[in-house]
Amino acid sequence: MEEKKKIATRDAYGRALAELAATDKNLVVLDADLSKSTKTADFAAVAPERFFNAGIAEQNMIGVAAGLAACGKTPFVSSFAIFATGRAYEQIRNSVANPQLNVKIAATHAGITVGEDGSTHQSIEDISLMRTLPNMTVVVPADAIETTQAVKELAAFKGPAYLRLGRLATPQVNDENYQFKLGEAVLLRPGRDIAIFACGMMVAVALEAAELLAQENISATVVNVHTIKPLDNDSIIDNAGCCGAAISVEEHSIYGGLGSAIAEVLAENCSVPFARVGIEDKFGQSGSPDALLRVYGLTPTAVATRAKAVIAKKNSK
Amino acid sequence: MSLNVVADYAKEMRRKIISMLGLSGSGHPGGSLSATDILAELYFDGMRVDPSNPKWEDRDRLILSKGHAAPALYAALALKGYFPVEELDNLRKLGSRLQGHPDMKKLPGVDMSSGSLGQGLSAANGMALAGRLDDKDYYVYVIMGDGENQEGQVWEAAMFAAHYKLDHIIAFVDHNRLQIDGNITDVLSPEPLKDKWQSFGWNVQQIDGHNIEQIATAIAAAKQVKAQPSLIIADTIKGKGVSFMENQVSWHGNAPKAQQVEQALSELA
(Lines give C-alpha, C1' and ligand atoms only; values in the text may rest on other atoms or scores of the structure.)
Protein backbone atom coordinates (compact mmCIF):
# COMPACT_ATOMS: atom_id res chain seq x y z
CA MET A 1 0.00 0.00 0.00
CA GLU A 2 1.21 3.46 -0.86
CA GLU A 3 2.65 5.24 2.16
CA LYS A 4 0.51 8.29 2.92
CA LYS A 5 1.08 11.06 5.37
CA LYS A 6 0.07 10.16 8.90
CA ILE A 7 -2.03 12.63 10.90
CA ALA A 8 -3.72 12.17 14.27
CA THR A 9 -7.48 12.65 14.30
CA ARG A 10 -7.05 14.93 17.34
CA ASP A 11 -4.95 17.28 15.22
CA ALA A 12 -7.65 17.44 12.58
CA TYR A 13 -10.21 18.08 15.32
CA GLY A 14 -8.38 21.12 16.69
CA ARG A 15 -7.91 22.56 13.22
CA ALA A 16 -11.55 21.99 12.29
CA LEU A 17 -12.76 23.74 15.45
CA ALA A 18 -10.48 26.71 14.82
CA GLU A 19 -11.77 26.94 11.26
CA LEU A 20 -15.40 26.77 12.37
CA ALA A 21 -14.86 29.51 14.95
CA ALA A 22 -15.08 32.21 12.30
CA THR A 23 -18.35 31.05 10.74
CA ASP A 24 -20.22 29.42 13.63
CA LYS A 25 -20.61 32.08 16.30
CA ASN A 26 -22.69 29.74 18.48
CA LEU A 27 -19.77 27.38 18.85
CA VAL A 28 -18.24 27.27 22.33
CA VAL A 29 -15.53 24.89 23.49
CA LEU A 30 -14.76 23.49 26.91
CA ASP A 31 -11.81 21.47 28.06
CA ALA A 32 -10.69 19.89 31.31
CA ASP A 33 -7.05 20.98 31.52
CA LEU A 34 -5.98 18.96 28.49
CA SER A 35 -6.42 21.53 25.74
CA LYS A 36 -2.90 21.15 24.42
CA SER A 37 -3.37 17.39 24.14
CA THR A 38 -6.94 17.40 22.83
CA LYS A 39 -6.01 20.30 20.51
CA THR A 40 -8.89 22.50 21.61
CA ALA A 41 -6.08 24.99 22.28
CA ASP A 42 -6.25 25.66 18.52
CA PHE A 43 -9.78 26.99 19.03
CA ALA A 44 -8.82 28.88 22.18
CA ALA A 45 -6.12 30.68 20.19
CA VAL A 46 -8.60 32.12 17.67
CA ALA A 47 -11.73 32.48 19.84
CA PRO A 48 -10.55 32.89 23.45
CA GLU A 49 -13.85 34.49 24.51
CA ARG A 50 -15.69 31.29 23.58
CA PHE A 51 -13.24 28.85 25.17
CA PHE A 52 -13.69 27.84 28.79
CA ASN A 53 -11.24 25.73 30.72
CA ALA A 54 -13.23 23.79 33.30
CA GLY A 55 -10.14 22.56 35.08
CA ILE A 56 -9.77 18.94 36.13
CA ALA A 57 -13.49 18.65 36.81
CA GLU A 58 -15.19 16.72 34.03
CA GLN A 59 -18.56 16.24 35.72
CA ASN A 60 -19.10 19.96 36.06
CA MET A 61 -17.80 20.50 32.53
CA ILE A 62 -20.52 18.28 31.06
CA GLY A 63 -23.17 20.11 33.09
CA VAL A 64 -21.85 23.50 31.99
CA ALA A 65 -22.12 22.31 28.40
CA ALA A 66 -25.71 21.22 29.04
CA GLY A 67 -26.58 24.69 30.36
CA LEU A 68 -24.91 26.37 27.38
CA ALA A 69 -26.84 24.12 25.00
CA ALA A 70 -30.10 24.86 26.84
CA CYS A 71 -29.48 28.51 25.93
CA GLY A 72 -28.85 27.86 22.25
CA LYS A 73 -25.09 27.41 22.16
CA THR A 74 -23.29 24.53 20.46
CA PRO A 75 -20.73 23.35 23.00
CA PHE A 76 -17.93 20.94 22.10
CA VAL A 77 -16.41 19.46 25.24
CA SER A 78 -13.11 17.65 25.23
CA SER A 79 -10.95 15.56 27.44
CA PHE A 80 -9.40 12.13 27.18
CA ALA A 81 -12.02 9.52 26.30
CA ILE A 82 -11.68 7.73 29.62
CA PHE A 83 -12.51 10.85 31.65
CA ALA A 84 -15.02 12.41 29.26
CA THR A 85 -17.18 9.30 29.06
CA GLY A 86 -16.21 7.42 32.21
CA ARG A 87 -15.83 10.02 34.92
CA ALA A 88 -18.80 12.02 33.66
CA TYR A 89 -20.98 9.16 32.45
CA GLU A 90 -23.98 9.84 34.62
CA GLN A 91 -23.83 13.57 33.90
CA ILE A 92 -23.88 12.77 30.19
CA ARG A 93 -26.82 10.45 30.73
CA ASN A 94 -29.00 12.70 32.86
CA SER A 95 -27.96 16.23 31.90
CA VAL A 96 -27.29 15.72 28.18
CA ALA A 97 -28.73 12.59 26.59
CA ASN A 98 -32.05 12.43 28.41
CA PRO A 99 -32.97 16.10 27.84
CA GLN A 100 -31.52 15.76 24.31
CA LEU A 101 -29.31 18.81 24.65
CA ASN A 102 -27.05 19.83 21.79
CA VAL A 103 -23.74 18.88 23.40
CA LYS A 104 -20.86 17.37 21.42
CA ILE A 105 -18.48 15.26 23.44
CA ALA A 106 -15.28 15.09 21.41
CA ALA A 107 -12.87 12.87 23.26
CA THR A 108 -9.30 12.15 22.29
CA HIS A 109 -6.77 9.54 23.43
CA ALA A 110 -9.23 6.71 22.91
CA GLY A 111 -7.98 3.15 22.79
CA ILE A 112 -4.68 1.50 23.65
CA THR A 113 -2.62 3.62 21.24
CA VAL A 114 -2.42 6.20 24.03
CA GLY A 115 0.64 4.04 24.64
CA GLU A 116 3.07 4.56 27.50
CA ASP A 117 0.61 6.25 29.89
CA GLY A 118 -0.87 2.81 30.38
CA SER A 119 -4.23 1.32 31.23
CA THR A 120 -5.59 4.11 33.46
CA HIS A 121 -5.58 6.41 30.43
CA GLN A 122 -6.54 3.90 27.74
CA SER A 123 -10.27 4.00 27.16
CA ILE A 124 -11.55 0.74 25.71
CA GLU A 125 -15.14 1.04 26.95
CA ASP A 126 -16.26 4.46 25.70
CA ILE A 127 -18.08 3.37 22.54
CA SER A 128 -20.03 0.91 24.62
CA LEU A 129 -20.93 3.51 27.26
CA MET A 130 -22.06 6.10 24.73
CA ARG A 131 -23.84 3.67 22.41
CA THR A 132 -26.17 2.49 25.13
CA LEU A 133 -27.55 6.00 25.74
CA PRO A 134 -30.83 6.89 24.02
CA ASN A 135 -30.57 10.02 21.81
CA MET A 136 -26.78 9.71 21.52
CA THR A 137 -25.04 9.70 18.13
CA VAL A 138 -21.65 7.98 18.08
CA VAL A 139 -19.01 8.71 15.45
CA VAL A 140 -15.52 7.21 15.17
CA PRO A 141 -13.64 8.82 12.26
CA ALA A 142 -11.08 6.77 10.39
CA ASP A 143 -8.68 9.56 9.55
CA ALA A 144 -8.02 13.29 9.57
CA ILE A 145 -10.08 14.03 6.48
CA GLU A 146 -13.09 12.26 7.89
CA THR A 147 -12.60 13.95 11.27
CA THR A 148 -12.63 17.41 9.72
CA GLN A 149 -15.90 16.70 7.96
CA ALA A 150 -17.46 14.94 10.94
CA VAL A 151 -16.73 17.92 13.19
CA LYS A 152 -18.46 20.25 10.74
CA GLU A 153 -21.41 17.93 10.28
CA LEU A 154 -21.84 17.39 14.02
CA ALA A 155 -21.65 21.15 14.65
CA ALA A 156 -24.55 21.60 12.24
CA PHE A 157 -26.50 18.59 13.53
CA LYS A 158 -28.82 19.24 16.48
CA GLY A 159 -28.53 16.71 19.29
CA PRO A 160 -26.08 14.99 21.61
CA ALA A 161 -23.12 13.30 19.95
CA TYR A 162 -19.94 11.51 20.86
CA LEU A 163 -16.89 11.87 18.63
CA ARG A 164 -14.09 9.40 19.33
CA LEU A 165 -10.60 10.57 18.43
CA GLY A 166 -7.08 9.22 18.75
CA ARG A 167 -3.72 10.41 19.95
CA LEU A 168 -1.57 8.58 17.44
CA ALA A 169 -0.74 9.86 13.96
CA THR A 170 -2.41 7.39 11.61
CA PRO A 171 -2.59 6.84 7.84
CA GLN A 172 -5.19 8.54 5.64
CA VAL A 173 -7.75 6.20 4.12
CA ASN A 174 -9.87 8.84 2.39
CA ASP A 175 -8.89 11.33 -0.27
CA GLU A 176 -9.74 15.01 -0.50
CA ASN A 177 -12.91 14.34 -2.49
CA TYR A 178 -14.35 12.21 0.29
CA GLN A 179 -17.85 13.14 1.50
CA PHE A 180 -18.75 12.14 5.05
CA LYS A 181 -22.41 11.34 5.59
CA LEU A 182 -23.57 10.76 9.15
CA GLY A 183 -24.97 7.24 9.52
CA GLU A 184 -23.78 5.97 6.14
CA ALA A 185 -21.03 3.37 6.22
CA VAL A 186 -18.50 3.57 3.40
CA LEU A 187 -17.55 0.65 1.21
CA LEU A 188 -13.82 1.17 0.70
CA ARG A 189 -12.92 -2.10 -0.99
CA PRO A 190 -15.34 -4.58 -2.50
CA GLY A 191 -14.64 -8.28 -2.11
CA ARG A 192 -16.32 -11.70 -2.16
CA ASP A 193 -14.99 -13.91 0.62
CA ILE A 194 -15.36 -11.91 3.82
CA ALA A 195 -16.57 -8.49 4.91
CA ILE A 196 -14.31 -6.58 7.30
CA PHE A 197 -16.14 -3.87 9.21
CA ALA A 198 -13.86 -1.42 10.96
CA CYS A 199 -13.87 1.96 12.62
CA GLY A 200 -11.32 4.57 13.62
CA MET A 201 -7.66 3.84 13.02
CA MET A 202 -8.51 0.17 12.49
CA VAL A 203 -9.92 1.03 9.06
CA ALA A 204 -6.38 1.53 7.77
CA VAL A 205 -5.35 -1.72 9.44
CA ALA A 206 -8.31 -3.49 7.83
CA LEU A 207 -7.29 -2.21 4.40
CA GLU A 208 -3.77 -3.55 4.92
CA ALA A 209 -5.19 -6.86 6.10
CA ALA A 210 -7.25 -7.02 2.89
CA GLU A 211 -4.04 -6.53 0.91
CA LEU A 212 -2.40 -9.40 2.77
CA LEU A 213 -5.43 -11.60 2.13
CA ALA A 214 -5.36 -10.67 -1.56
CA GLN A 215 -1.83 -12.09 -1.76
CA GLU A 216 -3.40 -15.41 -0.77
CA ASN A 217 -6.19 -14.98 -3.31
CA ILE A 218 -8.72 -14.14 -0.66
CA SER A 219 -11.00 -11.29 -1.61
CA ALA A 220 -12.06 -9.13 1.31
CA THR A 221 -14.62 -6.35 1.46
CA VAL A 222 -13.63 -3.44 3.74
CA VAL A 223 -16.31 -1.16 5.15
CA ASN A 224 -15.61 1.96 7.19
CA VAL A 225 -18.35 2.05 9.82
CA HIS A 226 -17.63 5.57 11.03
CA THR A 227 -21.06 6.01 12.59
CA ILE A 228 -21.67 3.38 15.25
CA LYS A 229 -25.00 4.91 16.19
CA PRO A 230 -27.25 5.11 14.30
CA LEU A 231 -25.68 2.05 12.70
CA ASP A 232 -25.99 1.57 8.95
CA ASN A 233 -27.84 -1.74 9.25
CA ASP A 234 -28.37 -2.05 5.48
CA SER A 235 -24.65 -1.85 4.77
CA ILE A 236 -23.91 -4.44 7.46
CA ILE A 237 -26.55 -6.86 6.22
CA ASP A 238 -25.74 -6.38 2.53
CA ASN A 239 -21.98 -6.70 2.81
CA ALA A 240 -21.99 -9.53 5.34
CA GLY A 241 -24.71 -11.30 3.35
CA CYS A 242 -22.84 -10.99 0.06
CA CYS A 243 -19.61 -12.40 1.48
CA GLY A 244 -21.24 -14.98 3.75
CA ALA A 245 -18.70 -14.20 6.48
CA ALA A 246 -17.65 -11.13 8.43
CA ILE A 247 -15.38 -9.73 11.11
CA SER A 248 -15.35 -6.47 12.99
CA VAL A 249 -12.15 -4.66 13.91
CA GLU A 250 -11.94 -1.95 16.54
CA GLU A 251 -9.47 -0.48 19.00
CA HIS A 252 -11.97 -1.05 21.80
CA SER A 253 -13.28 -3.83 23.97
CA ILE A 254 -15.07 -6.59 22.11
CA TYR A 255 -17.91 -5.98 24.57
CA GLY A 256 -20.37 -3.29 23.65
CA GLY A 257 -18.58 -1.54 20.81
CA LEU A 258 -18.64 -1.86 17.03
CA GLY A 259 -18.36 -5.64 17.15
CA SER A 260 -21.27 -6.01 19.51
CA ALA A 261 -23.38 -3.60 17.45
CA ILE A 262 -22.71 -5.60 14.28
CA ALA A 263 -23.26 -8.92 16.05
CA GLU A 264 -26.67 -7.68 17.16
CA VAL A 265 -27.65 -6.77 13.60
CA LEU A 266 -26.31 -9.98 12.11
CA ALA A 267 -27.92 -12.21 14.73
CA GLU A 268 -31.30 -10.67 14.05
CA ASN A 269 -31.07 -10.35 10.29
CA CYS A 270 -28.40 -12.36 8.57
CA SER A 271 -26.57 -15.05 10.46
CA VAL A 272 -23.11 -15.62 8.95
CA PRO A 273 -19.87 -16.83 10.55
CA PHE A 274 -18.57 -13.79 12.40
CA ALA A 275 -15.78 -12.78 14.77
CA ARG A 276 -15.10 -9.66 16.77
CA VAL A 277 -11.52 -8.45 16.63
CA GLY A 278 -10.78 -6.03 19.42
CA ILE A 279 -9.47 -5.96 22.92
CA GLU A 280 -10.44 -9.11 24.73
CA ASP A 281 -11.71 -8.97 28.30
CA LYS A 282 -8.63 -7.24 29.72
CA PHE A 283 -7.16 -3.82 30.39
CA GLY A 284 -4.38 -2.18 28.46
CA GLN A 285 -0.84 -1.55 29.68
CA SER A 286 2.17 0.65 29.08
CA GLY A 287 4.12 0.24 25.88
CA SER A 288 4.63 1.84 22.52
CA PRO A 289 1.46 2.00 20.42
CA ASP A 290 2.92 -0.40 17.84
CA ALA A 291 3.94 -2.90 20.50
CA LEU A 292 0.51 -2.73 22.11
CA LEU A 293 -1.29 -3.22 18.80
CA ARG A 294 0.85 -6.31 18.28
CA VAL A 295 0.22 -7.70 21.76
CA TYR A 296 -3.52 -7.11 21.55
CA GLY A 297 -3.88 -8.61 18.09
CA LEU A 298 -4.71 -5.48 16.17
CA THR A 299 -2.14 -5.65 13.37
CA PRO A 300 -2.91 -6.33 9.70
CA THR A 301 -1.40 -9.79 10.05
CA ALA A 302 -3.49 -10.62 13.11
CA VAL A 303 -6.65 -9.35 11.44
CA ALA A 304 -5.91 -11.39 8.30
CA THR A 305 -5.41 -14.51 10.42
CA ARG A 306 -8.74 -13.97 12.18
CA ALA A 307 -10.41 -13.39 8.82
CA LYS A 308 -9.09 -16.66 7.45
CA ALA A 309 -10.39 -18.55 10.50
CA VAL A 310 -13.88 -17.17 9.90
CA ILE A 311 -13.72 -18.01 6.19
CA ALA A 312 -12.71 -21.57 7.15
CA LYS A 313 -15.82 -21.79 9.31
CA LYS A 314 -17.94 -20.63 6.39
CA ASN A 315 -16.36 -23.21 4.09
CA SER A 316 -16.83 -26.04 6.56
CA LYS A 317 -20.57 -25.47 6.70
CA MET B 1 -46.40 41.86 43.95
CA SER B 2 -47.06 42.37 47.64
CA LEU B 3 -45.44 39.90 49.98
CA ASN B 4 -48.83 38.96 51.44
CA VAL B 5 -49.98 37.84 48.04
CA VAL B 6 -46.80 35.77 47.66
CA ALA B 7 -47.53 34.18 51.03
CA ASP B 8 -51.04 33.34 49.83
CA TYR B 9 -49.56 31.66 46.76
CA ALA B 10 -47.19 29.74 49.02
CA LYS B 11 -50.12 28.44 51.05
CA GLU B 12 -51.99 27.45 47.89
CA MET B 13 -48.86 25.70 46.62
CA ARG B 14 -48.68 23.70 49.85
CA ARG B 15 -52.30 22.63 49.43
CA LYS B 16 -51.58 21.54 45.84
CA ILE B 17 -48.45 19.66 46.93
CA ILE B 18 -50.41 17.67 49.51
CA SER B 19 -53.30 16.99 47.12
CA MET B 20 -51.14 15.86 44.21
CA LEU B 21 -48.98 13.63 46.41
CA GLY B 22 -52.11 12.12 47.91
CA LEU B 23 -53.33 11.28 44.42
CA SER B 24 -50.00 10.01 43.10
CA GLY B 25 -49.43 7.78 46.13
CA SER B 26 -45.68 8.39 45.98
CA GLY B 27 -43.27 11.33 45.97
CA HIS B 28 -41.46 13.69 48.32
CA PRO B 29 -43.55 15.96 50.55
CA GLY B 30 -40.90 16.98 53.12
CA GLY B 31 -38.44 18.68 50.79
CA SER B 32 -41.23 20.09 48.63
CA LEU B 33 -42.78 21.88 51.60
CA SER B 34 -39.42 23.21 52.78
CA ALA B 35 -38.66 24.76 49.37
CA THR B 36 -42.15 26.18 48.81
CA ASP B 37 -41.64 29.72 50.08
CA ILE B 38 -38.47 30.18 48.04
CA LEU B 39 -40.25 29.03 44.88
CA ALA B 40 -43.29 31.18 45.67
CA GLU B 41 -41.16 34.30 46.07
CA LEU B 42 -39.31 33.53 42.83
CA TYR B 43 -42.27 32.73 40.59
CA PHE B 44 -44.76 35.24 42.02
CA ASP B 45 -42.40 38.14 42.65
CA GLY B 46 -38.70 37.84 41.98
CA MET B 47 -38.35 36.18 38.59
CA ARG B 48 -38.78 37.74 35.16
CA VAL B 49 -40.84 35.08 33.39
CA ASP B 50 -43.78 34.91 31.01
CA PRO B 51 -45.88 31.75 31.23
CA SER B 52 -47.32 32.44 27.77
CA ASN B 53 -43.78 32.33 26.37
CA PRO B 54 -41.90 29.68 28.36
CA LYS B 55 -38.92 29.67 25.96
CA TRP B 56 -38.52 33.47 26.05
CA GLU B 57 -34.78 34.04 25.56
CA ASP B 58 -34.59 36.90 28.06
CA ARG B 59 -36.37 35.09 30.88
CA ASP B 60 -34.81 34.35 34.22
CA ARG B 61 -34.11 30.62 34.58
CA LEU B 62 -34.72 28.32 37.51
CA ILE B 63 -33.06 24.98 38.04
CA LEU B 64 -34.55 22.82 40.74
CA SER B 65 -31.36 20.90 41.41
CA LYS B 66 -33.08 19.02 44.24
CA GLY B 67 -35.43 17.65 41.60
CA HIS B 68 -37.33 15.46 44.05
CA ALA B 69 -39.08 18.66 45.21
CA ALA B 70 -40.81 18.61 41.81
CA PRO B 71 -44.31 18.88 43.35
CA ALA B 72 -43.41 22.35 44.69
CA LEU B 73 -42.13 23.45 41.28
CA TYR B 74 -45.17 21.99 39.52
CA ALA B 75 -47.51 23.77 41.91
CA ALA B 76 -45.76 27.10 41.24
CA LEU B 77 -45.76 26.58 37.46
CA ALA B 78 -49.43 25.58 37.37
CA LEU B 79 -50.56 28.48 39.54
CA LYS B 80 -48.41 30.82 37.44
CA GLY B 81 -50.26 29.64 34.34
CA TYR B 82 -47.77 27.45 32.48
CA PHE B 83 -50.28 24.61 32.28
CA PRO B 84 -53.77 23.84 33.68
CA VAL B 85 -53.91 23.40 37.44
CA GLU B 86 -55.98 20.21 36.96
CA GLU B 87 -52.93 18.59 35.38
CA LEU B 88 -51.33 18.44 38.83
CA ASP B 89 -53.59 15.45 39.45
CA ASN B 90 -51.52 13.49 36.93
CA LEU B 91 -48.28 13.68 38.92
CA ARG B 92 -46.17 10.55 38.36
CA LYS B 93 -48.84 8.85 36.24
CA LEU B 94 -47.98 7.00 33.04
CA GLY B 95 -47.88 9.42 30.11
CA SER B 96 -47.99 12.50 32.34
CA ARG B 97 -45.93 15.61 31.64
CA LEU B 98 -45.41 15.77 35.39
CA GLN B 99 -42.67 13.20 35.75
CA GLY B 100 -41.36 12.06 39.13
CA HIS B 101 -38.49 14.48 38.61
CA PRO B 102 -38.68 17.60 36.35
CA ASP B 103 -38.32 16.93 32.62
CA MET B 104 -37.62 19.98 30.44
CA LYS B 105 -38.57 18.08 27.29
CA LYS B 106 -42.04 17.38 28.58
CA LEU B 107 -43.27 20.23 30.74
CA PRO B 108 -43.34 23.92 29.76
CA GLY B 109 -41.63 26.14 32.31
CA VAL B 110 -39.04 23.56 33.34
CA ASP B 111 -35.74 25.19 32.37
CA MET B 112 -33.56 22.17 33.08
CA SER B 113 -34.19 18.49 33.68
CA SER B 114 -33.03 17.46 37.12
CA GLY B 115 -33.33 14.73 39.69
CA SER B 116 -29.87 13.27 39.91
CA LEU B 117 -28.45 15.34 42.76
CA GLY B 118 -25.43 17.56 42.29
CA GLN B 119 -25.94 18.50 38.65
CA GLY B 120 -28.04 21.67 38.71
CA LEU B 121 -25.38 24.21 39.57
CA SER B 122 -23.23 23.05 36.66
CA ALA B 123 -26.07 23.65 34.21
CA ALA B 124 -26.61 27.06 35.81
CA ASN B 125 -22.96 27.85 35.11
CA GLY B 126 -23.54 27.13 31.44
CA MET B 127 -26.71 29.22 31.31
CA ALA B 128 -24.99 32.14 32.99
CA LEU B 129 -22.03 31.89 30.60
CA ALA B 130 -24.42 31.86 27.64
CA GLY B 131 -26.17 34.94 29.00
CA ARG B 132 -22.87 36.74 29.30
CA LEU B 133 -21.82 35.74 25.77
CA ASP B 134 -25.14 36.98 24.40
CA ASP B 135 -25.11 40.21 26.41
CA LYS B 136 -28.31 39.30 28.22
CA ASP B 137 -29.14 40.35 31.76
CA TYR B 138 -31.20 37.36 32.91
CA TYR B 139 -30.54 35.66 36.25
CA VAL B 140 -30.18 31.94 36.81
CA TYR B 141 -31.64 30.65 40.07
CA VAL B 142 -30.77 27.27 41.51
CA ILE B 143 -32.29 25.44 44.44
CA MET B 144 -30.10 22.78 45.99
CA GLY B 145 -30.66 20.57 48.98
CA ASP B 146 -28.33 20.67 51.96
CA GLY B 147 -27.71 16.94 51.69
CA GLU B 148 -26.99 17.55 48.01
CA ASN B 149 -23.92 19.50 49.11
CA GLN B 150 -22.34 16.11 49.79
CA GLU B 151 -21.99 15.64 46.02
CA GLY B 152 -18.49 16.42 44.75
CA GLN B 153 -19.84 17.95 41.55
CA VAL B 154 -21.44 20.75 43.56
CA TRP B 155 -17.97 21.91 44.60
CA GLU B 156 -16.57 21.60 41.09
CA ALA B 157 -19.44 23.83 40.00
CA ALA B 158 -18.89 26.20 42.92
CA MET B 159 -15.27 26.68 41.90
CA PHE B 160 -16.24 27.25 38.28
CA ALA B 161 -18.88 29.90 39.08
CA ALA B 162 -16.48 31.84 41.29
CA HIS B 163 -13.59 31.53 38.83
CA TYR B 164 -15.67 32.88 35.97
CA LYS B 165 -17.28 35.53 38.23
CA LEU B 166 -20.80 34.43 37.35
CA ASP B 167 -22.66 37.13 39.25
CA HIS B 168 -25.96 36.31 37.56
CA ILE B 169 -26.21 33.04 39.45
CA ILE B 170 -28.25 33.17 42.65
CA ALA B 171 -28.29 29.77 44.31
CA PHE B 172 -30.26 28.63 47.33
CA VAL B 173 -29.51 25.84 49.74
CA ASP B 174 -32.77 24.56 51.18
CA HIS B 175 -31.26 23.99 54.62
CA ASN B 176 -33.82 21.71 56.24
CA ARG B 177 -31.08 19.62 57.88
CA LEU B 178 -32.59 16.26 57.01
CA GLN B 179 -31.85 13.70 54.31
CA ILE B 180 -33.26 10.23 53.68
CA ASP B 181 -31.03 8.44 56.14
CA GLY B 182 -31.35 11.03 58.89
CA ASN B 183 -29.84 14.30 60.05
CA ILE B 184 -27.31 15.66 57.57
CA THR B 185 -24.73 16.04 60.33
CA ASP B 186 -25.18 12.37 61.29
CA VAL B 187 -25.07 11.01 57.73
CA LEU B 188 -22.12 13.01 56.41
CA SER B 189 -21.87 16.56 57.58
CA PRO B 190 -21.62 19.19 54.84
CA GLU B 191 -21.27 21.86 57.55
CA PRO B 192 -20.15 24.52 58.05
CA LEU B 193 -21.94 25.39 54.81
CA LYS B 194 -21.55 29.14 55.12
CA ASP B 195 -17.81 28.99 55.68
CA LYS B 196 -17.36 26.45 52.90
CA TRP B 197 -19.19 28.50 50.29
CA GLN B 198 -17.48 31.71 51.35
CA SER B 199 -14.09 30.06 51.09
CA PHE B 200 -15.06 28.92 47.58
CA GLY B 201 -15.41 32.57 46.61
CA TRP B 202 -19.15 33.05 46.92
CA ASN B 203 -21.14 35.87 48.44
CA VAL B 204 -23.17 34.10 51.12
CA GLN B 205 -26.27 35.15 53.05
CA GLN B 206 -28.17 33.09 55.59
CA ILE B 207 -31.88 33.72 56.10
CA ASP B 208 -35.13 32.27 57.35
CA GLY B 209 -36.29 30.35 54.29
CA HIS B 210 -39.94 30.65 55.28
CA ASN B 211 -39.90 34.43 55.62
CA ILE B 212 -40.97 35.84 52.26
CA GLU B 213 -39.62 39.29 53.06
CA GLN B 214 -36.22 37.90 53.98
CA ILE B 215 -36.12 35.85 50.78
CA ALA B 216 -37.00 38.90 48.67
CA THR B 217 -34.46 41.07 50.45
CA ALA B 218 -31.73 38.47 50.06
CA ILE B 219 -32.40 38.21 46.31
CA ALA B 220 -32.25 41.98 45.96
CA ALA B 221 -28.99 42.07 47.91
CA ALA B 222 -27.54 39.25 45.78
CA LYS B 223 -28.29 41.25 42.64
CA GLN B 224 -26.11 44.08 43.97
CA VAL B 225 -23.09 41.80 44.20
CA LYS B 226 -20.77 42.09 41.20
CA ALA B 227 -18.16 39.67 39.90
CA GLN B 228 -19.14 37.00 42.40
CA PRO B 229 -21.89 34.35 42.46
CA SER B 230 -24.37 34.47 45.33
CA LEU B 231 -25.56 31.77 47.67
CA ILE B 232 -28.51 32.08 49.99
CA ILE B 233 -28.62 29.50 52.77
CA ALA B 234 -32.30 29.29 53.56
CA ASP B 235 -32.91 27.79 56.98
CA THR B 236 -36.07 25.78 56.55
CA ILE B 237 -38.22 23.14 58.16
CA LYS B 238 -38.70 19.89 56.31
CA GLY B 239 -42.45 19.35 55.89
CA LYS B 240 -43.17 23.01 56.77
CA GLY B 241 -46.85 23.82 57.26
CA VAL B 242 -48.12 20.33 58.09
CA SER B 243 -47.76 19.61 61.81
CA PHE B 244 -47.22 15.88 61.58
CA MET B 245 -44.66 16.21 58.77
CA GLU B 246 -42.51 18.98 60.21
CA ASN B 247 -38.94 17.90 61.00
CA GLN B 248 -39.87 14.25 60.42
CA VAL B 249 -37.37 12.48 58.20
CA SER B 250 -39.95 9.77 57.56
CA TRP B 251 -41.78 12.27 55.35
CA HIS B 252 -38.86 12.66 52.99
CA GLY B 253 -40.23 10.25 50.43
CA ASN B 254 -43.65 9.06 51.56
CA ALA B 255 -46.96 10.24 50.21
CA PRO B 256 -49.80 11.01 52.63
CA LYS B 257 -52.80 8.66 52.83
CA ALA B 258 -56.34 10.02 52.32
CA GLN B 259 -56.93 10.80 55.98
CA GLN B 260 -53.55 12.47 56.30
CA VAL B 261 -54.30 14.55 53.19
CA GLU B 262 -57.52 15.68 54.84
CA GLN B 263 -55.78 16.65 58.06
CA ALA B 264 -52.98 18.44 56.21
CA LEU B 265 -55.42 20.42 54.07
CA SER B 266 -57.40 21.46 57.13
CA GLU B 267 -54.20 22.77 58.69
CA LEU B 268 -53.42 24.66 55.45
CA ALA B 269 -56.92 26.14 55.14
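By convention in this document, chain letters (A, B, ...) are assigned in the order of the sequence lines, proteins followed by strands, and residues within each chain are numbered from 1. If you're wondering where the values come from, they're calculated on a predicted model, not measured in any experiment.
- Neither the backbone nor the side chain of A:N26 comes within less than 4.5 Å of any heavy atom of chain B.
- Looking only at atom types and distance, the side chain of A:E90 has a donor-acceptor partner in the side chain of B:S116 under 3.5 Å away.
- The 12-atom threshold is not exceeded at CZ of A:R93, counting heavy atoms of other residues, nucleotides or ligands nearer than 6.0 Å.
- Here the straight-line distance linking atom CG of A:L68 with atom CG of B:N125 works out to 9.0 Å at 0.5 Å rounding.
- For A:A54, the parts lying under 4.5 angstrom from a heavy atom of chain B are both the backbone and the side chain.
- Counting heavy-atom neighbours within 6.0 Å of B:R92 CZ, excluding the residue itself, gives a total above 12.
- In B:K93, the NZ atom is crowded: over 12 heavy atoms of neighbouring residues, nucleotides or ligands sit closer than 6.0 Å.
- When the heavy atoms of residues 126-165 of chain B are compared with those of chain A, the residues falling under 4.5 Å are B:G126, B:M127, B:L129, B:A130, B:L133, B:D134, B:Y138, B:Q153, B:E156, B:A157, B:F160, B:Y164, listed by number.
- For chain B, the option among A:S95, A:A66, A:A88, A:G55 with the highest count of heavy-atom pairs below 4.5 Å is A:S95.
- Atom NE2 of B:H101 is separated from atom CG of A:N94 by 10.0 Å, given to the nearest 0.5 angstrom.
- Around the NZ atom of B:K226, the shell of radius 6.0 Å holds more than 12 heavy atoms that belong to other residues, nucleotides or ligands.
- A 4.5 Å side-chain heavy-atom check between B:M112 and A:L101 finds at least one atom pair inside the cut-off.
- B:E57 places none of its side-chain heavy atoms less than 4.5 Å from the side chain of A:C71.
- Atom-to-atom distance recorded for B:S122:OG and A:I62:CD1 is 10.0 Å, nearest 0.5 angstrom.
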